[in-house]
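This structure is a prediction, so every number in the text was calculated from the model and none was measured.
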Amino acid sequence: MDLLWLAPIAGLVSLIFAAIFAVYTLKQESGSEKMNAISGAIQEGASAYLNRQYRTIAVVAVIIAIILFVALSRGGGFFDSGRIAIGFLAGAACSAAAGYIGMFVSTRGNVRVAQAASSGVRKALAIAFRGGAVTGLAVVGLALLGTSCFYILFGGGSHAVDLVVGYGFGASLISLFARIGGGIYTKAADVGSDLVGKVEAGIPEDDPRNAGVIADNVGDNVGDCAGMGADLFETYVVTAIAAMLIGGLILNAGDIELTNVFPGIAADLALIEYPLILGAVAIFASIIAIFAVRMGKHDNIMGTLYKGVITAAVLSVILFYPVTAALIGADLAGISIFISAVVGIIIMALMVVATEYFTQMHSPVKAIADASKTGAGTNLITGLAIGMMSTGLPVIIICSGILVAYFVPFMATGESIAGLYGIAIAAVAMLSTTGIIVALDSYGPITDNAGGIAEMSDLPSNVRDTTDKLDAVGNTTKAVTKGYAIASAAIAALALFSDYLHKIGIAAEEFSLFNPLVLVGLLIGGLLPFIFSSVMMRAVGKGAFKVVEEVRRQFKEIPGIWEGKTKPEYGKCVDIVTSAALREMMVPGMIAVVVPVVVGLFSPIALGGLLIGVIISGLMLALMMANGGAAWDNAKKMIEDGYLGGKGSDAHKAAVVGDTVGDPFKDTAGPAINPLIKAMTMVAILFSSLFLAYGNGILPV
């Protein structure tokens, strides 16, 4: 059997196991009528938001598909432009489906975890993780199935990859809007309800008297399940396409004899199809790893979850070698590419370690908690400092990985393009474990919601203690996933950037800072993540302001809420944040599409500078925001667990302020920079021929 068929088969197997885990989750006991009523309200709010969001995005997607068809039909290429437009719509639909599946299961798994928590940590952990695994396996299954099927349907080869770029762009667009809209929704609700509930009223986080509490719980799902699902779906697809494009460059390089560079290569298309096969075998490794997540004698939740990550990583490395030997060869050149794949797995592992250090209950988080003793000001200063410092170690890891992944194939083959392919393969290998990583991420909102349901249903304190333990770990797993997604986005974008330079006809070594167009592009690109983040932070602030006003109004005007005799009008806050998210997501979303087109029409080489500027500043800003926000959150949790006087203390009030600032950092602006980077790069590649035709085409001397 042709190894290529492993890719669609693995995608189907992944979706089958996602369905199996969904059935397992939904079969669990769902608790009392009151618990189910609360869970039902969360389900209703999440579905209503996603339905409205996807209807809005669908209109934008159809318009862009038409523009793609018309713009790329220049010169009579109607057939190819039609296939790109169809692929674009399919990528958008699959990305939306990946997010929707995750949201559907997580909003039903939450109440089952709350019920299982009455029996202890073990059963609750199993249900939460299997529920999260549904999202993880759906993401990688749809991503690999769609990418491989379109590649096969388009006839294979480098031209087919150029057409599959449309599928990747569709995934990028939905990911961007899902991340932006979900991030604005979740943090406007969270910040608004926290400011009134925790700071002003002094009531617990998930107190049913708070009118914003249902919107807050809905936000966890549309932000961290639907948003992250769409985000990593797109990252997976775009990274695979980036490696396939580089493989196509090697195949079509006129001055390179393929068999001289890779003497043991099995077929001409092996370099293009190799990334798909890596993804396929890693899916099987991830499925096995999910079953390895079983708690041992000690109730170490984080250690139990990491069993799955370690198992997936080790099995993937073991399976990578025979695949590499079969496709590229077992000689020195083939082994060098295998080493690049191993480097990708190592980057993934080290990023997990680095992110956990800065966001788990270690010295950086303790430093923020200690700073809370003297008020919110010192808490904010320390949190910002920790966030900035947290960029150092990940960047060193990424740089080291890029150097090794490049120079090992380069030294083995003597060709720089082989080194570039090594970097792309490292990114593919890093993303190959997406199934298990997304399972960790989606576990977080399920346990968070479970804690809210336990609080609102007045379940015994031991149940809330169990859900709090699960939720504390979930905060770290969400941070780990964000760091993983950001790092992989930067590496994949570098590979895509190389393909863009090839399409506009300039060698990477000629891309010079002495050209003022490059310099201007770099500065504009470096600026964009800051403007983009500013728009999103302001959107969260405006939405939170309206939630605060609404919760205050209900406390004041609706008798019996404070005494718990009257149920608040939860739907009012849900409507407020839904409208705010859908209204505010359009401007930052269109930045990713409009800016590269405008700059590319001005000068294709300036657009190259812009892409590098976005990658560099976006990587740093995203890491700072994601890690700093998570550290602020866990510093607050540390104090709530009894440190420095616990809940209600002055230190706790200061920590809540820090967490309020950190929330839109880690769940809105920071993670959304990731799809921004890749969406802009995909636009550049898709419209490169248009830029050459209509841009001034000024290249460096």
Side-chain angles (χ1 to χ4, degrees), residues 136 139 175 179 183 223-224 227-229 231-232 234-236 239 302 305-306 308-310 312-313 343-362 364-365 383 386-402 426-427 429-434 436-444 473-493 529 533 615-634 662-663 665-678:
V139 165
S175 167
R179 254 299 175 206
D224 283 315
M228 181 57 82
D231 186 353
L232 278 171
E234 173 252 357
T235 303
Y236 189 101
T239 303
M302 198 78 238
L305 296 175
Y306 279 161
V309 178
I310 294 169
V343 166
I345 296 293
I346 293 172
I347 293 174
M348 179 273 292
L350 292 178
M351 284 298 299
V352 168
V353 172
T355 304
E356 183 185 337
Y357 173 72
F358 283 102
T359 60
Q360 185 58 284
M361 306 298 185
H362 300 298
V365 169
I386 294 298
M388 293 174 187
M389 182 63 70
S390 73
T391 62
L393 192 53
V395 169
I396 291 172
I397 292 168
I398 293 169
C399 290
S400 301
I402 287 173
M430 184 178 179
L431 264 297
S432 67
T433 56
T434 292
I436 196 77
I437 296 293
V438 174
L440 292 184
D441 181 79
S442 297
Y443 155 94
V473 171
N475 193 46
T476 299
T477 62
K478 288 186 286 185
V480 164
T481 309
K482 291 181 180 76
Y484 166 83
I486 292 164
S488 60
I491 300 174
S533 299
I615 293 169
I616 300 303
S617 76
L619 172 65
M620 307 303 172
L621 188 60
L623 286 171
M624 188 274 283
M625 287 183 156
N627 292 337
W632 261 315
D633 194 349
N634 272 338
D663 271 341
F665 265 41
K666 69 181 175 68
D667 288 326
T668 307
I673 293 174
N674 170 28
L676 170 75
I677 293 171
K678 286 168 294 178

Would you kindly say whether Ser432 and Tyr236 are connected by a side-chain donor-acceptor distance under 3.5 Å? no
Start with the C-alpha distance between Asp231 and Lys678, add both sets of side-chain angles, then the distance that settles side chain to side chain contact (heavy atoms under 4.5 Å, CB included), and finish with yes or no. CA-CA 10 Å; Asp231 186 353; Lys678 286 168 294 178; 4.0 Å; yes
Do the side chain of Tyr484 and the main chain of Met430 share a donor and acceptor less than 3.5 angstrom apart? yes
I'd like to know if the side chain of Thr477 reaches the main chain of Leu440, judged simply by a donor and an acceptor atom lying under 3.5 Å from each other, with no hydrogens or angles considered. yes
Find out whether Val353 and Tyr306 are in side-chain contact, i.e. whether some heavy atom of one side chain is under 4.5 Å from a heavy atom of the other. no
Output the distance between atom CE (Met620) and atom OG1 (Thr391), rounded to the nearest 0.5 Å. 6.5 Å
Provide the closest heavy-atom pair for Ala489 versus Asn674 in the form atom of the first, atom of the second, distance. CB-OD1, 2.6 Å
Is there a side-chain contact between Leu619 and Ile398 (heavy atoms, below 4.5 Å)? yes
Could you tell me which non-hydrogen atom of Ala429 sits nearest to which non-hydrogen atom of Gly344, and how far apart they are? CB-CA, 4.2 Å
Atom pair CD1/OG of Ile677 and Ser617 - distance to nearest 0.5 Å: 7.5 Å
Can you list the steps and then say if Ile491 with Ile347 is a side chain to side chain contact (heavy atoms under 4.5 Å, CB included)? CA-CA 11 Å; Ile491 300 174; Ile347 293 174; 4.1 Å; yes
Heavy-atom distance under 4.5 Å between the side chains of Val473 and Tyr443, does that happen here? yes
Can you tell me how far the OG atom of Ser533 sits from the CE atom of Met625, to the nearest 0.5 Å? 4.0 Å
Indicate yes or no for a side-chain donor-acceptor contact from Ser488 to the backbone of Ala485 under 3.5 Å, with no hydrogens or angles considered. yes
Fit a plane to each ring of Tyr357 and His362, take the angle between them on a 0 to 90° scale, and name the class: parallel (under 30°), tilted (30 to 60°) or perpendicular (over 60°). parallel
Who passes side-chain contact (heavy atoms from CB on, under 4.5 Å) against Pro671, sequence neighbours left out? Arg179, Lys482
I'd like to check Met389 versus Asn627 (side-chain heavy atoms, cut-off strictly below 4.5 Å). Are they in contact? no
Between Ile486 and Ala626, which heavy-atom pair has the shortest distance, and what is it? CD1-CB, 4.1 Å
What closest approach, in Å, do Trp632 and Gly662 show between heavy atoms, and which atom pair accounts for it? CE3-CA, 3.4 Å
Give the C-alpha distance, both sets of side-chain angles, the deciding distance and a yes or no for side chain to side chain contact (heavy atoms under 4.5 Å, CB included) between Ile673 and Leu621. CA-CA 8 Å; Ile673 293 174; Leu621 188 60; 3.8 Å; yes
I'd like to know if the side chain of Ser442 and the backbone of Ala439 have a donor-acceptor N/O pair within less than 3.5 Å. no
Here the gap from Leu350 atom CG to Ile397 atom CD1, rounded to the nearest 0.5 Å, amounts to 5.0 Å
Chi angles and distances behind the side chain to side chain contact (heavy atoms under 4.5 Å, CB included) call for Leu431, Thr235: CA-CA 8 Å; Leu431 264 297; Thr235 303; 3.6 Å; yes
Heavy-atom closest contact (Ile436 atom, Ala312 atom, distance): CG2-CB, 3.9 Å
Roughly how far, to the nearest 0.5 Å, is the CD1 atom of Ile310 from the CG atom of Leu305? 11.0 Å
Counting C-beta onward and ignoring hydrogens, is there a side-chain heavy-atom pair between Thr481 and Leu232 closer than 4.5 Å? yes
Could you tell me whether the side chain of Asn634 and the main chain of Thr359 form a donor-acceptor pair under 3.5 Å? yes
Identify the heavy atoms of Ala354 and Leu393 that sit nearest to each other, and give their distance. CB-CD2, 3.8 Å
